[in-house]
Asker: 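There's a structure below that I have some questions on.
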Amino acid sequence: MIFDSIPDLVLALAMGILAAAVILGLCRVYSATSAAERAVVGDLVYFASIGILMIIGVQTESAIVQDAAMLAAFLGILATVALARILTRGER
């Protein structure tokens with residue numbers, strides 16, 4: 001793979017780091033002992049995947065992919081809040 005510019009190299013490096021985070025996160029989900037640990041690591045995997053999707057959108061210059069990634073991030077935040085409420089049984 002030939003990189004034409006520094007931003008291409010930086011995006012490829014960022015995608016590699018995010019891919020490693022996803023792989024390590026999936027391994028951690030398998031070895032987690034509590035539901036809270038799985039929820040936190042699940043969020044890590046989810047948002048790292050959104051980061052990968054966003055990098056793909058930037059590299060392909062696709063506004064549709066970027067919009068989909070931002071919408072998924074918004075829904076992921078709502079899911080995180082809902083899961084936190086479930087795990088704490090609604091306590092504040």
Asker: Using side-chain contact (heavy atoms from CB on, under 4.5 Å) as the criterion, point out the one residue from Leu24, Ile23, Val22 that pairs with Val45.
Answerer: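 Going through the options one by one, the only one that passes is Val22.
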Asker: What's the separation between atom CG in Leu26 and atom CG in Leu44, rounded to the nearest 0.5 Å?
Answerer: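 The CG atom of Leu44 is 9.0 Å from CG of Leu26, to the nearest 0.5 Å.
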Asker: In Å, rounded to the nearest 0.5 Å, how long is the span from CG of Leu13 to CD1 of Ile6?
Answerer: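 CD1 of Ile6 is found 11.5 Å from CG of Leu13.
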Asker: To the closest 0.5 Å, what do you measure between CG (Leu53) and CG (Leu18)?
Answerer: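 Reported to 0.5 Å precision, the distance equals 11.5 Å.
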Asker: Ignoring hydrogens, what is the shortest heavy-atom contact between Arg38 and Val29? Give both atom names and the distance.
Answerer: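 Looking at all heavy atoms of both residues, the shortest contact is NE-O, 3.6 Å.
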Asker: Do Met54 and Met15 land in one hydrophobic cluster if side-chain heavy atoms of ILVMFWY residues count as linked below 4.5 Å?
Answerer: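 No, separate clusters.
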Asker: I'd like to know if Leu83 and Ile50 are part of one continuous hydrophobic network [Ile/Leu/Val/Met/Phe/Trp/Tyr, side-chain heavy atoms within less than 4.5 Å].
Answerer: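 Shared cluster, no.
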Asker: Side chains of Val41 and Tyr30, heavy atoms from C-beta outward: is any pair under 4.5 Å?
Answerer: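 No, too far: nothing below the 4.5 Å cut-off.
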Asker: Could you report the tightest heavy-atom contact between Thr80 and Phe47, atom names first, then the distance?
Answerer: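 Minimum heavy-atom contact is OG1-CE1, 4.1 Å.
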